[in-house]
2 protein chains.
Amino acid sequence: MTSGSSNISTDVPLGFERHDHAACVSEGLLAAETRCADDGLRFTPVRRKVLEILLQEHRALGAYVILDRLREEGFGSQPPVAYRALDFLVTHGLAHKIERLNAFIACAHPDQIHAPAFMICRLCDSVAEAQSRTSRSVLASAAKATGFRIERTVVEAEGLCPGCAEQADA
Amino acid sequence: MTSGSSNISTDVPLGFERHDHAACVSEGLLAAETRCADDGLRFTPVRRKVLEILLQEHRALGAYVILDRLREEGFGSQPPVAYRALDFLVTHGLAHKIERLNAFIACAHPDQIHAPAFMICRLCDSVAEAQSRTSRSVLASAAKATGFRIERTVVEAEGLCPGCAEQADA
DNA sequence: GAGCCACTTGTCATATTATAACACTTCTCG
DNA sequence: CGAGAAGTGTTATAATATGACAAGTGGCTC
């Protein structure tokens with residue numbers, strides 16, 4: 001994703017790094033298509049559009065922002081339309097909910113097993129997804145000690161992204 | 001808190017372990033009082049009552065549940081009353097918000113520096129707070145690698161507590 | 001291809017969580 | 001004591017999320 005190659009479509013440091021952002025969208029959609037085909041899931045127009053909307057930003061979007069965009073594109077405009085598509089994407093690992101923000105973001109690693117961790121910039125709102133091995137976490141050891149059986153984890157850090165931290169220091 | 005001593009007031013395994021629960025409440029309130037006195041904070045009746053309500057359970061309570069109890073006790077009954085008290089408690093480390101549940105829980109370690117991690121049982125709703133050192137976490141290394149400056153972390157695991165896991169297996 | 005089924009979409013209605021703004025009171029500190 | 005800051009209570013409203021039901025769509029068997 002960090003693109004050693006071609007056309008940088010934006011120089012905003014989204015996901016904290018410059019990259020070929022157009023590729024994020026197309027690759028993301030392609031990965032989702034493949035995945036759905038493989039797993040016998042229906043990648044319908046609404047679902048596709050919602051993922052596309054999410055992929056367009058390395059930020060978390062609220063359900064109602066997504067809903068507005070869906071309306072503009074001619075889809076249904078009532079909350080369940082957005083929530084159901086988001087639910088589908090989250091359930092199948094194509095998107096994640098950022099609990100801290102009550103908002104949603106496209107998955108950056110739809111191929112791998114995901115116990116994702118996020119870094120959320122409180123100034124520019126960008127969100128980066130880190131790959132995480134659950135096993136060596138604080139949670140894993142605490143869970144082991146008490147006998148808790150982990151099914152899902154929420155790991156989110158709030159703070160300043162590299163760019164904003166630099167500006168803040170200046 | 002695991003009480004080598006006296007009267008077990010309930011045998012429900014709250015916080016996943018049997019313990020002298022009456023002591024949780026009184027010790028919690030005492031710790032808060034001390035802390036507020038030390039730091040020149042006002043531990044007013046509403047704030048005290050909200051903390052007491054939270055301490056009575058090793059579960060996260062929604063703001064509106066708390067609000068109902070406040071009303072029963074003769075306090076104001078509009079949302080801001082509860083939210084302001086909760087905000088005070090969270091700001092000063094006497095309570096935490098469980099983002100996954102949009103709900104609140106009393107801090108189990110009000111004395112220490114807190115980068116807490118929680119284990120949430122999806123069946124019995126109990127929540128245990130683990131002590132965590134942020135430093136060796138997935139987040140810390142990801143942050144270091146990208147230059148992200150962490151200010152606050154949310155670490156929550158959802159799954160089955162020891163008791164519920166056992167029942168589920170049976 | 002007709003009929004059946006599961007799934008998806010769209011809508012209305014409503015629940016749940018959270019905050020803005022303002023008047024009034026209480027506490028603190030000079 | 002008086003001025004200002006902090007806290008409380010209220011009204012009103014915003015933002016987030018779900019339940020229930022009707023209608024449409026696609027894939028299936030026979």
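Throughout, protein chains are lettered first and strands after them, A, B, ... in sequence-line order, and every chain is numbered starting at 1.
- Side-chain N/O atoms of A/Asn102 include one lying less than 4.0 angstrom from OP1 or OP2 on D/dA17.
- Here D/dT18 presents its P atom at 10 Å from OH of A/Tyr64, a figure rounded to the nearest Å.
- Each of D/dT8, D/dT10, D/dT18 was ranked by its minimum atom distance to the side chain of A/Pro79; first place goes to D/dT18.
- Between A/Tyr83 and D/dT18, a side-chain N or O to OP1/OP2 separation shorter than 4.0 Å is absent.
- Looking only at side-chain heavy atoms (C-beta outward), A/Glu156 and A/His96 stay at 4.5 Å or farther from each other.
- Side-chain atoms of B/Lys97 lie closest to C/dA18 of the nucleotides C/dT11, C/dA18, D/dG9.
- Between the CZ atom of A/Phe43 and the C1' atom of C/dT9 there is a distance of 16 Å, given to the nearest Å.
- Counting atom types as modelled, B/Arg84 pairs a side-chain N or O with a base atom of D/dG9 as donor and acceptor under 3.5 Å.
- Taking atom CD on A/Glu99 and atom P on D/dT16, their separation rounds to 13 Å, with Å as the unit.
- Atom P of nucleotide C/dA15 and atom CD of A/Gln78 are separated by 17 Å, given to the nearest angstrom.
- A/Ile66 places its CD1 atom 12 Å from the C1' atom of D/dT16, with the value rounded to the nearest Å.
- We find that CD1 of B/Ile98 is positioned 18 Å from C1' of C/dA18, with the value rounded to whole Å.
- Nearest heavy-atom pair across B/Leu94 and B/Leu51 is O-CD1, 3.7 Å.
- Taking only side-chain nitrogens and oxygens, A/Thr44 comes nearer than 4.0 Å to OP1 or OP2 of C/dT9.
- To the nearest angstrom, P of D/dG19 lies 11 Å from CG of A/Asp87.
- One atom, CZ of B/Arg42, and another, P of C/dC27, lie 7 Å apart when rounded to the nearest Å.
- Contact annotation: the side chain of B/His58 approaches that of B/Cys24 to within less than 4.5 Å [non-hydrogen atoms, C-beta and beyond].
- Place A/Ser77 and B/Ala63 on DNA chain C by their nearest nucleotides, and A/Ser77 ends up nearer the 5' end.
- Residue-level contact check: A/Arg47 touches the backbone only, with heavy atoms under 4.0 Å from sugar-phosphate atoms and none from bases.
- Checking side-chain atoms of B/Arg35 against main-chain N and O of B/His92 turns up a donor-acceptor pair under 3.5 Å.
- In this structure, A/Phe88 and A/Gly76 both approach DNA chain C, and ranking their closest nucleotides by distance from the 5' end singles out A/Phe88.
- Distance alone, capped at 3.5 Å, is enough to place a donor-acceptor pair between the A/Arg47 side chain and the A/Arg42 backbone.
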